[in-house]
Amino acid sequence: MTASIVGWAHTPFGKFDTETVESLVTRVANEAMADAGISAADVDEIVLGHFNAGFSAQDFTASLVLQADPKLRFKPATRVENACATGSAAVHQGLRAIAAGAAKIVLVVGVEQMTRTPGPEIGKNLLKASYLPEDGDTVGGFAGVFGKIASSYFQKYGDQSDALALIAAKNHKNGVANPFAQMRKDFGFEFCRAESEKNPYVAGPLKRTDCSLVSDGAAALVLADAETAKGMGKSIGFRATAHAQDFLPMSKRDILQFEGCTVAWQRALEQAGVALTDLSFVETHDCFTVAELIEYEAMGLTPKGQGARAIKEGWTLKDGKLPVNPSGGLKAKGHPIGATGVSMHVMTAMQLAGQAPEGMQLKNAKLGGIFNMGGAAVANYVSVLEPLK
């Protein structure tokens, strides 16, 4: 590939009453540039990932990044959006600018502030990432959409409540070691499996522990072209990237297949010249536990309908044959929409640089895979990263 990640920054994810979209953006922008050892004057282009959809009264937010440093003034700055894959859309946009020769250094920022929005509005905002003529009246918002998916999966393949609880427990246990995670608590399988006052059903067979958290937060990274990256302190290269966009209406596809996810993984692995089994770990989009379950199948880890094997047999644990979400994933880390894809790239780069927090760092991580999804398997982005120095 033509570019590398040479610096990064990440706020904790959570509920922040004193932060704004602007303060989150400027904070990570400055920290990422400092981490890369560059000046704002060195940046050729800026890309901001910000979903918004009603979460922020301030729209037209690309120029907020300029508030980080006066030397960013007059730099090209663009905001991109692709539902819950907005962060990866921003990363891939930055890569295209470098591949086209339009930039040597690109600053990519992802941000969202969700917790100041009342609960009913949160559900309404997130439901905008579905096909409203068909799903606009879904009870429970986007959780309701995935509740339907989970119910359909259970109907076809049997009750998978044990598998979903195991996925939730795994990701929460992993999140304990991640200082950026919103929820750093090991709930254990029994709590995640049982319905209780603290873990009620939310939509269909999905309980509270099956749903990612409403979050505020930001992440940023600095991309540099291959020649520039040689002179930087660290360089995490893109072995491959792929983006597959599918139909928005679920009625036009078999929603249990996550076909766009499969296509994106196949394209990326072919481009990288590796098999899924060559990866050291994967950060995947567990907006709901059933999504991670189906993604096991879509990425080719198990045959269709057998995703439960991957978690029940321990394949995706930290010490398994393909650790999945060693960061804790969206389930523990939180899911500030526009920041999530950038966060996944930062977490993966940290692992490959040997700079992940203690307890989260995997041994001998050589290749990291990322899958970030917008909507119900509509926007599908895969990156394969490797350390170059």
Side-chain angles (χ1 to χ4, degrees), residues 84-85 142-143 145-174 189 192-193 202-207 209-212 244 246 250 253-266 268-269 275-332 335 344 368-378 380-382:
C84 301
F142 219 67
V145 172
F146 271 86
K148 290 180 181 178
I149 294 171
S151 295
S152 297
Y153 190 95
F154 282 25
Q155 185 175 8
K156 185 170 184 178
Y157 298 116
D159 190 326
Q160 303 295 322
S161 296
D162 284 353
L164 298 190
L166 285 167
I167 290 171
K170 166 184 70 74
N171 290 346
H172 278 297
K173 183 176 182 179
N174 289 351
F189 169 76
C192 295
R193 179 64 180 85
V202 174
L206 301 180
K207 296 184 283 293
T209 50
D210 293 306
C211 307
S212 58
D246 207 346
M250 291 192 293
R253 49 203 169 97
D254 182 349
I255 192 57
L256 301 185
Q257 296 289 318
F258 277 27
E259 293 162 280
C261 175
T262 298
V263 170
W265 270 111
Q266 289 175 342
L269 292 172
L276 186 70
T277 51
D278 293 320
L279 300 181
S280 304
F281 66 97
V282 167
E283 288 285 339
T284 202
H285 195 96
D286 60 321
C287 50
F288 300 92
T289 51
V290 69
E292 181 168 327
L293 180 69
I294 297 174
E295 285 157 20
Y296 292 162
E297 302 168 12
M299 71 173 73
L301 187 58
T302 74
K304 301 297 181 186
Q306 297 181 33
R309 285 188 61 198
I311 185 66
K312 289 183 176 180
E313 297 180 20
W315 302 357
T316 57
L317 301 180
K318 268 188 185 176
D319 58 356
K321 63 181 184 180
L322 184 64
V324 174
N325 287 332
S327 71
L330 285 58
K331 181 79 263 303
H335 184 23
M344 296 171 94
I370 299 164
F371 173 67
N372 186 200
M373 178 174 76
V378 177
N380 303 276
Y381 290 83
V382 172

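Hydrogens, waters and symmetry mates are skipped; everything else that's a heavy atom, side chains included, is used. Source: prediction; values computed, not measured. Residues: numbered from 1 along the sequence shown.
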Compare every heavy atom of [Y] with every heavy atom of [X], then report the nearest pair and how far apart it is.
{"X": "Glu295", "Y": "His285", "result": "OE2-O, 2.9 Å"}
{"X": "Ala150", "Y": "Leu206", "result": "CB-CD2, 4.0 Å"}
{"X": "Phe189", "Y": "Ala169", "result": "N-CB, 3.7 Å"}
{"X": "Thr262", "Y": "Ala298", "result": "OG1-O, 2.9 Å"}
{"X": "Pro323", "Y": "Gly320", "result": "CD-O, 3.6 Å"}
{"X": "Met344", "Y": "Phe371", "result": "CE-O, 3.0 Å"}

**Request:** Could you walk me through whether Leu276 and Leu301 pass side-chain contact (heavy atoms from CB on, under 4.5 Å), step by step?
**Result:** CA-CA 7 Å; Leu276 186 70; Leu301 187 58; 4.0 Å; yes
When rounded to the nearest 0.5 angstrom, what distance separates [atom1] in [X] from [atom2] in [Y]?
{"X": "Leu269", "Y": "Asp278", "atom1": "CG", "atom2": "CG", "answer": "8.5 Å"}
{"X": "Arg309", "Y": "Thr302", "atom1": "CZ", "atom2": "OG1", "answer": "7.5 Å"}
{"X": "Glu297", "Y": "Cys261", "atom1": "CD", "atom2": "SG", "answer": "10.5 Å"}
{"X": "Thr277", "Y": "Lys321", "atom1": "OG1", "atom2": "NZ", "answer": "8.5 Å"}
{"X": "Thr316", "Y": "Phe281", "atom1": "OG1", "atom2": "CZ", "answer": "14.5 Å"}
{"X": "Ser161", "Y": "Asp210", "atom1": "OG", "atom2": "CG", "answer": "8.0 Å"}

Just so I know, are the side chains of [X] and [Y] near enough to count as touching, which here means a heavy-atom distance under 4.5 Å?
{"X": "Val290", "Y": "Leu164", "value": "yes"}
{"X": "Val145", "Y": "Met250", "value": "yes"}
{"X": "Lys207", "Y": "Cys192", "value": "no"}
{"X": "Met299", "Y": "Val282", "value": "yes"}
{"X": "Val382", "Y": "Trp265", "value": "yes"}
{"X": "Met373", "Y": "Cys287", "value": "yes"}
{"X": "Val378", "Y": "Arg253", "value": "yes"}

Indicate yes or no for a side-chain donor-acceptor contact from [X] to the backbone of [Y] under 3.5 Å, with no hydrogens or angles considered.
{"X": "Glu313", "Y": "Ile311", "answer": "no"}
{"X": "Asn174", "Y": "Asn325", "answer": "yes"}
{"X": "Asn171", "Y": "Ala332", "answer": "no"}
{"X": "Lys331", "Y": "His172", "answer": "no"}
{"X": "Lys173", "Y": "Leu317", "answer": "no"}

**Prompt:** What class does the angle between the rings of Phe288 and Phe146 fall in, given that below 30° is parallel, 30 to 60° is tilted and above 60° is perpendicular?
**Reply:**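 Because their plane-to-plane angle is under 30°, the rings of Phe288 and Phe146 count as parallel.
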**Message:** Please determine whether side-chain contact (heavy atoms from CB on, under 4.5 Å) holds for the pair Gln306 and Tyr157, giving the CA-CA distance in whole Å, both sets of side-chain angles, and the decisive distance to 0.1 Å.
**Reply:** CA-CA 8 Å; Gln306 297 181 33; Tyr157 298 116; over 6 Å; no
